[in-house]
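Report on one structure; see the data block that follows.
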Amino acid sequence: MTGQRDVVVVGGGLLGCATAHLLAREGAAVTLLERDQVNRHASGQNAGSLHFQLEYRMVERGLEAARTAAAAMPLHLDASARWDALVTELGPDLGPELGVARHGGLMLADDAATARLLEAKARIERERGLDVHVLDGAQVRELAPYLSSTVVAAAYCPSEGRANARTAAPALARAAVAHGADLRTRTEVTSLRRDGAAWVVGTRTQDPDGTHDDELRADAVVLAAGVWTRTLAAMLDVDLPITVLALMMSVTQRTTPFLPHLVQHAGTRLSLKQTADGNVLVGGGWPAHLVRAPDGTPVHGARGEVVPASLAGNARAAVRAVPRLGQLQTLRTWVGATTVGPDQLPVVGPVPGAPGAFVATGGSAFTLGPSFARVLGDLVQGRTPAVDVQPYDPRRWAA
């Protein structure tokens with residue numbers, strides 16, 4: 001057994017790295033465990049959107065579903081502030097590695113019915129504190145001349161934008177290590193058990209010398225492992241009803257800057273943004289296939305499969321919204337994964353029946369990562385979170 005820690009954080013994606021950084025910065029003795037390499041999975045395979053408006057999946061089932069989803073707005077507003085704070089905290093060396101660029105976001109409508117949906121959605125969001133307003137077709141094309149003439153209205157949120165999904169988590173990992181965190185990659189958690197007032201975390205590490213089993217003792221455990229959340233919770237004899245979804249994304253060849261905004265659509269699955277290098281990332285939640293274990297979690301190391309119909313549908317939606325994309329070659333399409341709960345709200349808080357264990361997943365996990373980390377840090381340190389997390393408490397399913 002390698003000694004006592006204050007906190008063990010499981011998961012080396014954006015959330016785990018942000019949580020380890022926050023706790024180490026406050027002086028906690030933190031070990032961060034990642035079964036592969038930092039940012040190898042969902043955090044590094046998403047498109048890096050910072051979207052604070054309600055997404056298509058949150059409004060496609062009507063306004064009542066949108067009102068339910070809007071319960072997460074306090075986390076969205078907090079995350080908006082936290083991304084800027086992280087850039088400052090990481091300083092001039094690592095702050096730029098987050099790749100934060102916020103030139104505003106547009107959510108489009110192609111017809112009168114969808115425009116009315118945008119108006120109603122914007123009212124729900126404004127009531128909860130988000131700065132968003134609806135532009136008519138002429139106003140939209142004045143702001144974003146690259147958009148198609150089919151766009152009749154758009155909801156505009158000036159705080160939206162993007163971060164760099166390839167470099168953000170590694171930057172936070174380096175910052176955590178600089179503050180004293182112990183980072184262990186290629187280290188899988190094999191068991192979680194309570195021993196008196198401490199958690200005992202069983203681990204298995206793969207290195208050039210072979211496989212090594214070990215145990216860590218910690219006052220607290222944070223589950224920040226995304227698609228493997230349900231598997232880890234089962235080690236605590238807790239069933240969290242988290243579903244893993246496979247989604248596809250594509251990237252185009254580089255081109256001159258022309259698309260400064262985050263673009264989404266209220267009537268179909270679509271997300272567009274142009275990177276600092278000039279590539280356009282195309283996504284929006286089109287389904288793909290994952291190789292799954294019996295419990296529904298992805299098989300570690302197995303590659304997801306693109307669904308041809310999703311690829312074609314995503315391309316049609318992208319070119320319809322931004323015709324210039326029809327002139328660009330697609331360089332690569334890949335499959336990522338995300339998690340959702342039954343009510344589509346995030347899951348953040350204490351693990352039911354497991355004192356000293358905390359979890360966060362679900363919702364718009366990349367966007368909300370810094371806010372999740374702040375909540376987890378407060379809970380681990382025994383503070384009342386700045387955001388009321390009662391609506392997202394995993395104990396809502398304890399019955």
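In what follows, residues are counted from 1 in the order of the sequence shown. This is a predicted model, so every value here is computed, not measured.
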Inset, instruction - Keeping the roles fixed (side chain from T187, backbone from T185), state whether a donor-acceptor pair exists under 3.5 Å. - result: yes

Inset, instruction - Would you confirm whether N279, through its side chain, and T252, through its main-chain N or O, come within 3.5 Å as a donor-acceptor pair? - result: yes

Legend entry - Heavy-atom pair of closest approach, residues A71 and L345: CB-CD2, 4.1 Å

Legend entry - Non-neighbouring partners of D213 that pass salt bridge (Lys or Arg N to Asp or Glu O under 4.0 Å), sequence neighbours left out: R204

Legend entry - Distance in Å, D214 CG paired with T203 OG1, rounded so as to fall on 0.5 Å steps: 4.5 Å

Inset, instruction - Mind checking the OG-CG spacing from S80 to L75? Nearest 0.5 Å is all I need. - result: 12.5 Å

Legend entry - R123, K121, R128 screened by salt bridge (charged side-chain N to carboxylate O under 4.0 Å, His left out) with E125, the one that passes: K121

Inset, instruction - Group every Ile, Leu, Val, Met, Phe, Trp and Tyr by side-chain heavy-atom contacts under 4.5 Å, then state whether F372 and V9 land in the same group. - result: yes

Legend entry - Min side-chain heavy-atom separation K273-V263 under 4.5 Å: no

Legend entry - Residue pair S271 / S49: nearest heavy atoms and the distance that separates them: OG-OG, 3.4 Å

Legend entry - Pairwise side-chain contact, H76 with S364, heavy-atom cut-off 4.5 Å (strictly under): yes

Inset, instruction - Check whether any side-chain heavy atom of Q53 lies under 4.5 Å from a side-chain heavy atom of V132, and answer yes or no. - result: yes

Inset, instruction - Could you tell me whether a side-chain N or O of D393 sits under 3.5 Å from a main-chain N or O of R395, the two making a donor and an acceptor? - result: yes

Legend entry - Residue pair L118 / V134: nearest heavy atoms and the distance that separates them: O-CG2, 3.9 Å

Inset, instruction - Determine, using the 4.5 Å side-chain heavy-atom cutoff (strictly less than), whether V151 and L325 are members of one ILVMFWY cluster. - result: yes

Inset, instruction - Compare all side-chain heavy atoms of L32 with those of C17 and state whether any distance is below 4.5 angstrom. - result: yes

Legend entry - Donor-acceptor contact present, side-chain Q139 to main-chain A154, <3.5 Å: no

Inset, instruction - Show the numbers, then the answer: is there a salt bridge (charged side-chain N to carboxylate O under 4.0 Å, His left out) between D343 and R396? - result: CA-CA 11 Å; D343 54 11; R396 66 188 187 268; 3.1 Å; yes

Inset, instruction - Rounded to the nearest 0.5 Å, what's the gap from CG on L376 to CG on L23? Could you check? - result: 8.5 Å

Legend entry - Check: V282 main-chain N/O paired with S250 side-chain donor or acceptor under 3.5 Å: no

Inset, instruction - Determine whether the side chains of E34 and N39 contain a donor N or O and an acceptor N or O closer than 3.5 Å. - result: no

Inset, instruction - Considering non-hydrogen atoms only, spot the tightest contact between H51 and L262 and give its length. - result: CB-CD2, 3.7 Å

Inset, instruction - May I ask whether L259 and L281 are part of the same hydrophobic cluster, defined by side-chain heavy atoms of I, L, V, M, F, W, Y residues being less than 4.5 angstrom apart, directly or through others? - result: no

Legend entry - T339 side chain reached by V347 side chain, heavy atoms, under 4.5 Å: no

Legend entry - Heavy-atom donor-acceptor pair, D6 side chain to V30 backbone, under 3.5 Å: no

Inset, instruction - Assess whether atom CZ of R126 is packed by more than 12 heavy atoms of other residues, nucleotides or ligands within 6.0 Å. - result: yes

Legend entry - Atom pair NE2 (H265) and CG (L272), whose distance is rounded to the nearest 0.5 Å: 10.0 Å

Inset, instruction - May I ask you to list the residues sharing a hydrophobic cluster with V306, side-chain cutoff 4.5 Å, ordered by chain and number? - result: V227, W228, V244, M248, W286, L290, L311, V335

Inset, instruction - Look only at the side chain of R184 and the backbone of L33, and say whether a donor-acceptor pair between them is shorter than 3.5 Å. - result: no

Legend entry - Test item: S43 side-chain N/O and L14 main-chain N/O as donor-acceptor pair under 3.5 Å: yes

Inset, instruction - Decide, yes or no, whether a salt bridge links R102 with D84 under the criterion of side-chain N to carboxylate O below 4.0 Å. - result: yes

Inset, instruction - Verify the neighbour count for atom CZ of R57: are there more than 12 heavy atoms of other residues, nucleotides or ligands below 6.0 Å? - result: yes

Inset, instruction - Look at the side chain of Q274 and the backbone N and O of F258, then say whether any donor-acceptor pair between them is shorter than 3.5 Å. - result: yes

Legend entry - Side-chain donor/acceptor of D195 to backbone N/O of A198, under 3.5 Å: no

Legend entry - Ion pair check, E64 and R67, cut-off under 4.0 Å: yes

Legend entry - Heavy atoms from other residues, nucleotides or ligands near CZ of R194 exceed 12 (cutoff 6.0 Å): yes

Inset, instruction - Please examine the side chains of R5 and V201, heavy atoms only from C-beta on, and report whether any two atoms are closer than 4.5 Å. - result: no

Inset, instruction - Might you point out which heavy atoms bring A357 and L236 nearest each other, and give the distance in Å? - result: CB-CD1, 4.1 Å

Legend entry - Y146 versus P323, closest heavy-atom pair with distance: O-CD, 3.8 Å

Legend entry - L172 vs L98 side-chain heavy atoms within contact, under 4.5 Å: yes

Legend entry - Pairwise side-chain contact, Y56 with L270, heavy-atom cut-off 4.5 Å (strictly under): no

Legend entry - Pairing residues for H289 by the ring-ring contact (aromatic ring centres under 6.0 Å, His included) criterion, not counting sequence neighbours: none

Legend entry - Separation of L247 CG from W334 CH2 (nearest 0.5 Å): 12.0 Å

Legend entry - Distance in Å, Q4 CD paired with D219 CG, rounded so as to fall on 0.5 Å steps: 5.0 Å

